[in-house]
Amino acid sequence: LEKYKGIIPAFYACYDEQGEISESRTKELCNYLYKKGVKGLYVGGSSGECIYHSLEERKATLKYVAHQLKGKLTLIAHVGAPSTRDSVILAKYAEELGYDAVSAIPPIYFKFSESSVYKYWTEIMDATTMPFIIYNIPQTTGFDLSLNLFKKLIENEKVIGVKNSSMPVMDIERFKATAGDNFIVFNGPDEQYVSGRIIGADSGIGGTYAVMPELFLMAEKFVSAGDFANARKIQHDINDIIVALCSLNGSLYSTIKEILKQNGVHIGSVRAPLEPVSGDDLNKIASIKALIDN
Ligand code: NAY
């Protein structure tokens with residue numbers, strides 16, 4: 001499971017100027033992050049704007065990333081989709097492309113019982129021979145993974161980890177204490193990377209890593225060396241940046257993409273209803289970029 005331990009940015013949707021998925025820009029972002037020294041990529045999740053993409057677009061992104069980085073980085077495909085049928089199609093495709101693991105949010109829109117969610121995740125797992133990573137993000141899905149359902153899920157040996165984005169760091173501690181050493185708990189909230197790691201997370205997947213990989217790599221270095229005072233300092237810097245990133249009129253992802261663009265990585269904007277950056281935001285973005293660069 002060592003290949004899952006480290007800084008794993010959530011990959012962004014890369015568009016051309018017309019807002020269509022771009023192969024060359026997807027590959028450009030792959031190269032950029034690879035050179036930064038990250039451990040892997042989480043492809044097609046929240047930050048990947050997956051819920052706004054057709055099945056064909058999601059397949060295209062999965063394919064471009066795999067063609068660029070397979071064998072170089074650990075690749076996790078997020079395959080959660082509104083229907084079980086589409087999730088299974090994506091999981092099978094990720095297997096064909098050679099992804100290391102698949103992952104999925106619970107089903108969304110309707111309220112589902114624990115047994116329906118269990119069935120949904122299990123059908124995705126049954127569709128391939130790949131390891132599976134549960135994605136718990138109650139603030140967007142409305143479904144909070146209970147410890148009971150978690151226990152039932154980890155009876156299946158395909159379940160190798162959970163990406164936990166709920167805000168209580170205690171959830172990370174409980175999942176880790178329940179699942180034990182041979183299991184990966186991924187810290188979800190970037191604002192709590194250091195606390196998540198200290199309380200039991202083995203690794204991290206995050207939406208803001210790609211815009212400041214150096215800071216997360218440094219935080220990880222300090223945490224693994226047991227230097228918590230310095231780890232805390234880095235987390236403090238990270239949180240100043242995240243608070244600023246989340247304070248603009250445009251969406252978090254369009255702000256991040258604008259910063260990447262100023263770093264020379266053009267991956268377009270966001271798909272509506274996510275909001276692009278507005279003229280007003282540009283000055284503020286310059287000061288956020290200065291915070292990151294310092
Ligand atoms: C994914 O699936 O793309 C992610 O890992 C995104 C996780 C992020 N959550 C959301 C709702 O975007 O990393 C977090 C988030 O961007 C960060 O904590 C800042 O709030």
Side-chain angles (χ1 to χ4, degrees), residues 8-26 28-30 32-33 41-62 64-65 76-83 86-87 90 103-109 135-143 163 165 167 188-191 205-213 241-263 265-289 292:
I8 304 185
F11 199 73
Y12 305 127
C14 302
Y15 302 110
D16 63 21
E17 293 305 304
Q18 283 69 48
E20 302 300 329
I21 299 288
S22 160
E23 175 169 4
S24 61
R25 289 180 167 189
T26 301
E28 194 184 332
L29 182 60
C30 284
Y32 178 78
L33 293 171
L41 294 177
Y42 189 83
V43 186
S46 324
S47 311
E49 300 175 39
C50 70
I51 56 164
Y52 303 131
H53 293 165
S54 69
L55 209 47
E56 288 317 308
E57 289 177 309
R58 293 185 65 175
K59 283 181 162 183
T61 297
L62 288 174
Y64 303 149
V65 174
I76 303 167
H78 175 260
V79 300
S83 71
D86 287 358
S87 310
L90 288 170
S103 177
I105 50 170
I108 52 175
Y109 187 62
Y135 188 175
N136 184 42
I137 181 161
Q139 60 271 48
T140 58
T141 61
F143 183 87
K163 163 165 153 50
S165 290
M167 289 314 279
D190 304 355
E191 302 84 338
I205 296 171
T208 67
Y209 297 0
V211 80
M212 44 178 154
I241 294 164
I242 292 180
V243 168
L245 284 172
C246 294
S247 71
L248 304 193
N249 298 317
S251 69
L252 169 65
Y253 303 139
S254 58
T255 303
I256 284 176
K257 287 174 177 185
E258 176 60 31
I259 294 172
L260 284 172
K261 183 174 160 198
Q262 294 183 15
N263 288 337
V265 186
H266 294 251
I267 56 170
S269 186
V270 290
R271 187 165 285 181
L274 291 174
E275 289 212 54
V277 292
S278 66
D280 282 358
D281 290 340
L282 285 172
N283 287 334
K284 292 188 194 146
I285 288 176
S287 56
I288 302 173
K289 189 167 150 38
I292 296 174

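Looking at Glu17 and Arg25, a side-chain N of the basic residue comes within less than 4.0 Å of a carboxylate O on the acidic one, giving a salt bridge.
The closest side-chain heavy-atom distance from Asn263 to Lys289 is below 4.5 Å. Within the 4.5 Å cutoff, no side-chain heavy atoms of Cys14 are placed close to those of Glu28. Between Arg58 and Asp86 there is no side-chain heavy-atom pair separated by less than 4.5 Å. Contact of the Glu275 side chain with the Ser254 side chain is not registered, since no non-hydrogen atoms from C-beta on lie closer than 4.5 Å. Residues Leu245 and Ile288 have side chains in contact (heavy-atom distance under 4.5 Å, counting atoms from C-beta outward). With a 4.5 Å cut-off on side-chain heavy atoms, Ile76 and Ile205 count as touching. Side-chain atoms of Phe11 and Thr26, non-hydrogen and from C-beta on, do get closer than 4.5 Å to each other. At least one side-chain heavy atom of Leu33 sits less than 4.5 Å from a side-chain heavy atom of Leu41.
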For Ser22 and Tyr64: C-alpha separation, side-chain torsions, deciding distance, then whether side-chain contact (heavy atoms from CB on, under 4.5 Å) applies. CA-CA 9 Å; Ser22 160; Tyr64 303 149; over 6 Å; no

Stepwise, does the side-chain contact (heavy atoms from CB on, under 4.5 Å) test hold for Glu258 with Asp281? CA-CA 10 Å; Glu258 176 60 31; Asp281 290 340; over 6 Å; no

Do Leu90 and His78 pass the side-chain contact (heavy atoms from CB on, under 4.5 Å) test, and can you show the C-alpha distance, the side-chain angles, and the key distance before you say yes or no? CA-CA 9 Å; Leu90 288 170; His78 175 260; over 6 Å; no

With side-chain contact (heavy atoms from CB on, under 4.5 Å) as the test, would you mind laying out the steps for Ile105 and Thr140 before giving the verdict? CA-CA 10 Å; Ile105 50 170; Thr140 58; 5.9 Å; no

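Here the NZ atom belonging to Lys257 is positioned 11.0 Å from the OG1 atom belonging to Thr255, to the nearest 0.5 angstrom. In this structure, the separation between OG on Ser24 and CG on Asp16 is 8.0 Å, given to the nearest 0.5 Å. Between atom CG of residue Leu274 and atom OH of residue Tyr52 there is a gap of 4.5 Å, rounded to the nearest 0.5 Å.
Residues Ala210 and Tyr32 share a closest heavy-atom pair of O-CE2, 4.1 Å. Of all non-hydrogen atoms in Gly206 and Asp190, the two that sit nearest each other are CA-OD1, 3.2 Å. The minimum heavy-atom distance linking Asn136 with Phe143 is given by the pair OD1-O, 3.6 Å. Considering all non-hydrogen atoms of both residues, Ser47 and Gly207 come closest at OG-CA, 3.4 Å. Summarising the geometry of Gly48 relative to Ala13, their closest heavy-atom pair is O-CB, 3.5 Å, with the distance given to 0.1 Å. Nearest heavy-atom pair across Cys50 and Gly44 is CB-O, 3.0 Å.
Atom NZ of Lys284 has more than 12 heavy atoms from other residues, nucleotides or ligands within 6.0 Å.
For the pair Ser87 (side chain) and Gly80 (backbone), a donor-acceptor distance under 3.5 Å is absent. Remark: side-chain polar atoms of Gln139 are paired, donor with acceptor, to backbone N or O of Ser165 under 3.5 angstrom.
Here Tyr42 and Tyr135 bring their ring centres to under 6.0 angstrom of each other.
The side-chain hydrogen bond (donor to acceptor under 3.5 Å, both in side chains) test with Tyr15 singles out one residue from His266, Glu20, Glu49, and that residue is Glu49.
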